[in-house]
Structure formats: structure tokens, C-alpha cells
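Report on the following structure.
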Amino acid sequence: SNTGDGLHVDSDASALNITIGTDGDGTNDTNEANVISGNGGDGIEIEEGGTVNIAGNKVGMTSAGTARGNTANGITIGVGAAGPDTLRIGSDNGDANEMNTVSNNARGVNILNATTINVAGNYIGFNSSGAGGHPNTQDGIYVAASQAATVNIGTGGTNAANRNYVGNNGGDGIEVASTAAGAAVKIKNNVVGVAADFTTSAGNIGNGIRVAAAATVTIGTDLDGSNDSNEANVVSANTTAGILIENGVTSVAIAGNIVGLKGAGGVYTTVASNGAVGIHVNSNSVTSLTIGGSDNNQRNVVGANVSHGINVADAGNAIAYTIRNNYIGFGNDGSTARGNAGRGMELSDGGALSIIDNIVGSNVTGGVNITAGTSLTFTGNKIGATATGIAAAGNTCYGLRVAATTMADVDIGSSSTTNVFAANTTCTGQTGDGINISNLAATNTPVDIVGNYIGIGSDGTTTTGMGNAGDGIYVLKG
């Protein structure tokens, strides 16, 4: 073992193109891996470079697959204001020979600067099969890169080498703490907190994904027409939140993710709870927020989390935002009950709120609770029913509760786009109303409740098991 780093490239290498491990040229690629383990510093440290590719290495593991961690981080990139122009850690084309295993270190991947960052096709906290427990003691992937303009973590595709498998680590699975202002950050097609078999829980001790960079952030599918159906992140079994957005982020789209569940063959119905909120937005810097979207590839499936499914607690000083077409409290079949232990949605900040086409059922302390906002459009949702609209899946306490003194206009349903409110049940202090509206502004707030199915299925005939325990609609001004 070396007392310092295993491999160190200093800042004099700013003009060099550097490859560590396989070059992916099709010749002897399987025999080009480095084993970089047991060193007293970092496994690999690159201070600067032109184009840097790190692929096919075992960092913190022996060639036989046993633990032999580096004392510091597995891979550290950049120092101060310097870093590579272009960085790739793992594969750029789904080539399994380019997959790194980075385990048993402090941080797994520690990126402190680079201009363009691509991290895809790595086992981080696992062995080289994506199994076992080989935790890095801190974050799996950490990015705090002030010059970064582009950050891609994971890439669309069906091969293992398109994904990062990040589990068992002692901090967050993936953390993007800082970038250049206005950077584009995409985190897609990663498996965070579950092993490569998609059935074995391997939670990280912190959050699954945490972002606090001053960036435009996409978590999940970017709906650019390329691999959109293969860009979902699976973020489950982590000790705190599944996905956490904090101060710094300016624009965020969270779409097409599986949060709190696991399962083989693309069927995500098995419980793998995150220990807090599934999707938590707590950022007063956000100017644009979308959770879900009209395309089914954008649907988030958020179930079985220990707190709320979706919690917008701080959203950029009352910005408008949209939550659309998500399954909350179900598996991705839209029928298997996997309620969140809190509310399906807890929305305590925002301006003009658009809550559209969501399926919200089986949640333990309420379906949708709205305590802030200036206006509400609530259409096309099924609250207390499965995706079919005719099978009961009631939320405990209430279906929809609106209690916002700032609300100036409330529209629930329309003549052409109906909601279902069904099968919601009582809890302490709540009588199981389908719709409960109270504590609005003292002035005359327009409330339009039009064209809804309340205590009946979306077919207009199914009544068995669909009644709400309390009132269908309860309105109390002030």
C-alpha cells in the first residue's frame, strides 16, 4: 500500500487528456482495469486535466472482490478553482467493461471541480456485481464544483452501465451541493438505495438524492425523445428523504421516478420505504417547479415512505407550480396499496397551484393537504380510488383539505375534467370528508366545485365501498 494517494495527477496536467483504466477501443478492454486499493490517501486524485476518463477500475476493492478501502476518498477530482475540462467516470455508451466499482472508501466519488461532468455506469457501495454491502463511509457521489456548467449523473438506456448503483453508503447516495450558476444538472436512470437485482434493499444512511446547487435540475426523465422510458431513478430504502431539493436550486423538474418501492422486471410494488418524505422540496430559491407531467413517462410513483409522499414546504416565495399525473400511495400498477405514512401531498407553500390527474390513495394521515397558495386548480384527480377510478383505496382522515388564508380562488373540477373523491375514512380530529374547505380568507373567496364524483366511482355507477366516512363536501369559511 502507498501511504499517500494510489494515483495522483497534479495541476501541471491541465492540457493533458488522461485515461485511467479501459479505453473502450475494443482491444483487450477486459484486461485494462486498474485495482487501486488500500492507499493512505485517495485512491485516485486528479487535480486538473483536459479530457479525463476513468473507466473499468476497482477502487477500494481487491481483484477478488473483497474490501480493501482507501483511507480517504475513492476518486477525487479537482482542487480549488481548477479541474478537468471534461470528466467521465464510468461509461458513456453502456459498455459493461467501463464500469467502475468504488467502495469501502470515505466518499466514493468526490468531484470538487470540472466543467462538464458525466458519471454513469458505476457500482458505488457494492461489489462488482451490484450486490453485497461495501459502504463508503460518506456520500456515494458528491459534487461541489463551482465551475461545472453541465452535470450528468446516469444516462438513459437499458444496460447496467447506463446506470449508477449507489447503496449502503454512510451519507447521501447522490449529493450535488454546488455548481456554476445556471448549470444544467440531470440525474436520471440511477438506482439509489437498492441493489442491482432491484429487489434487495441497500439504503444510504442520508438522503437518496439531495440537490442544493444554483442550477436547472432534472431528476428523472427529461422527455427529450431519447430513452425517455428508461430514465427513471429508483430511490428507495434510504434513511431520510428519497429526493430532497434545498436552497440554491432555481428550476426543478422531478419526473418518472420510483420512490419508496422496489421490484424486479419493472414491477415496483414491494415496500422499500425511505425514512422521511418521498419527494421533499424545501427551497426558497426555486422559480420553476414541476413534479410529474402529462406524459406517462413523467409519472412519479411515490409510495410506502415513512412521512409524506410529496411535501412542498418552501417553494420560491409563492411561485406557481404543477403536480401532475403521479401515483401517490400505490405501486406502479396503480392499484397495489402502498400508502405513505404521512399525507399523500402536503403543500404548505406556493402561489398558483395546479394539481392535475394524480392518483392519491391509501395514505395514512390524509390524501392532499393544502395550507398555502394564492389559487388552486384541482382537476382530473382520483382521491381515495385506484387508477381505474372504480375501486376503493381510501385515505385516512380526508381526501382533499384546503385551509389557506392566502387562497383567492379555488376551482375543484370542471364541466369537462372531473375528480373522484371516495372511500376516505376518519382519524382523530378528522371525520373522513371527501372535500374539506376551511380557514379561507375572510373576504369572499370564489370556490367552484363542479363536475366531481363524490362517494361514487368515475363510471358514475359504482358505489360499493366508495362512500366517504364524513361529508362529501364540507365548507367552513374563516
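None of the values given here were measured: they were computed from a predicted structure.
Between N162 and N189, the side chains place no donor N or O within less than 3.5 Å of an acceptor N or O (distance only, hydrogens not considered). If you check the side chains of T240 and N207, you find a donor sitting under 3.5 Å from an acceptor. In summary, the side chains of D357 and N325 do not present any donor paired with an acceptor at a separation below 3.5 Å, with no hydrogens or angles considered. N164 and N122 are linked by a side-chain donor-acceptor pair at a separation below 3.5 angstrom, with hydrogens and angles left out of the test. A donor atom on one side chain and an acceptor atom on the other are found under 3.5 Å apart for N110 and T76. Under the 3.5 Å distance criterion, with hydrogens and angles disregarded, a donor-acceptor pair is assigned to the side chains of N369 and R401. Side-chain contact, S103 with T101: no donor N or O sits under 3.5 Å from an acceptor N or O.
For the residue pair A106 and N73, the shortest heavy atom distance occurs at CB-OD1, 3.6 Å. Of all heavy-atom pairs spanning M345 and I328, the tightest one is CE-CD1, 3.6 Å. Across all their heavy atoms, M407 and V402 have their closest contact at CE-CG1, 4.2 Å. Closest approach of P135 and N168 over heavy atoms only: CB-O, 2.7 Å. Nearest heavy atom pair, residue I187 against residue V211, reads CD1-CG2, 3.9 Å. Closest approach of A177 and A144 over heavy atoms only: CB-CB, 4.3 Å.
A donor-acceptor pair is defined here as one N or O able to donate and one able to accept, closer than 3.5 Å; such a pair exists between the side chain of N326 and the backbone of N300. When atom types are taken as modelled, the side chain of D139 and the backbone of D172 share a donor-acceptor pair closer than 3.5 angstrom. With hydrogens and angles ignored, the 3.5 Å screen pairs a side-chain donor or acceptor of N381 with a backbone N or O of N358. A donor-acceptor pair is defined here as one N or O able to donate and one able to accept, closer than 3.5 Å; no such pair exists between the side chain of N233 and the backbone of N257. Between the side chain of T322 and the backbone N or O of R324 there is no donor-acceptor pair closer than 3.5 Å. Using a distance-only test at 3.5 Å, with no hydrogens or angles considered, a donor-acceptor pair links the side chain of N424 to the main chain of N395. No donor-acceptor pair closer than 3.5 Å links the side chain of N238 to the backbone N or O of G275. No side-chain donor-acceptor contact under 3.5 Å links T216 to the backbone of A184. For the pair N204 (side chain) and V192 (backbone), a donor-acceptor distance under 3.5 Å is absent. Although no hydrogens or angles enter the test, the distance criterion places a donor-acceptor pair under 3.5 Å between the side chain of D228 and the main chain of D224.
Residues T405 and L440 are not in side-chain contact: their nearest non-hydrogen atoms beyond the backbone lie 4.5 Å or more apart. Side-chain contact check for F330 versus S335: every heavy-atom pair is 4.5 Å or farther apart. Under the 4.5 Å side-chain criterion, counting only non-hydrogen atoms from C-beta, N305 is not in contact with V277. A 4.5 Å side-chain heavy-atom check between D409 and D411 finds at least one atom pair inside the cut-off. Put simply, the side chain of T336 reaches to within 4.5 Å of the side chain of R338, judged on heavy atoms. Considering only heavy atoms from C-beta on, I383 comes within 4.5 Å of V368 through its side chain. At least one side-chain heavy atom of I117 sits under 4.5 Å from a side-chain heavy atom of V143. Taking the side chain as every heavy atom from C-beta outward, I323 and L347 approach each other to under 4.5 Å.
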- May I have the step-by-step check of side chain to side chain contact (heavy atoms under 4.5 Å, CB included) for I454 and I473, ending in yes or no? CA-CA 8 Å; I454 302 175; I473 303 172; 3.5 Å; yes
- I would like to know whether V447 and I437 meet side chain to side chain contact (heavy atoms under 4.5 Å, CB included); could you show each step before the answer? CA-CA 9 Å; V447 177; I437 299 175; 3.7 Å; yes
- Query: Hey, mind stepping through V185 and T179 against side chain to side chain contact (heavy atoms under 4.5 Å, CB included) and telling me if it holds?
  - Reply: CA-CA 9 Å; V185 174; T179 60; 4.1 Å; yes
- Query: Please walk me through it: do S229 and N227 pass side-chain hydrogen bond (donor to acceptor under 3.5 Å, both in side chains)?
  - Reply: CA-CA 5 Å; S229 62; N227 283 308; over 6 Å; no
- Query: For S458 and I390, what are the C-alpha separation, side-chain angles and deciding distance, and is it a side chain to side chain contact (heavy atoms under 4.5 Å, CB included)?
  - Reply: CA-CA 6 Å; S458 59; I390 58 173; 4.0 Å; yes
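Note that CD of E231 and NZ of K186 are 7.5 Å apart. Values are rounded to the nearest 0.5 Å. A distance of 11.5 Å separates OG1 in T426 from CG in N468, rounded to the nearest 0.5 Å. Rounded to the nearest 0.5 Å, atoms CG (N340) and OG1 (T365) are 9.0 Å apart. In this structure, CD1 in I319 is found 5.0 Å from CG in L289, a value given to the nearest 0.5 Å. With rounding to the nearest 0.5 angstrom, the CD1 atom of I370 is 5.5 Å from the CG atom of L400. To the nearest 0.5 Å, atom CZ of residue R163 and atom OH of residue Y123 are 9.0 Å apart.
Partners of T115 by side chain to side chain donor-acceptor pair (under 3.5 Å), not counting sequence neighbours, listed by chain and number: Q147. The salt bridge (charged side-chain N to carboxylate O under 4.0 Å, His left out) test applied to K262 returns no partner, not counting sequence neighbours.
Judged by the 6.0 Å and 45° rule, R107 forms a cation-pi pair with Y142.
By the 30° and 60° cut-offs, the orientation of the rings of F378 relative to F421 is parallel.
For Y165 and F126, the gap between ring centers reaches or exceeds 6.0 Å.
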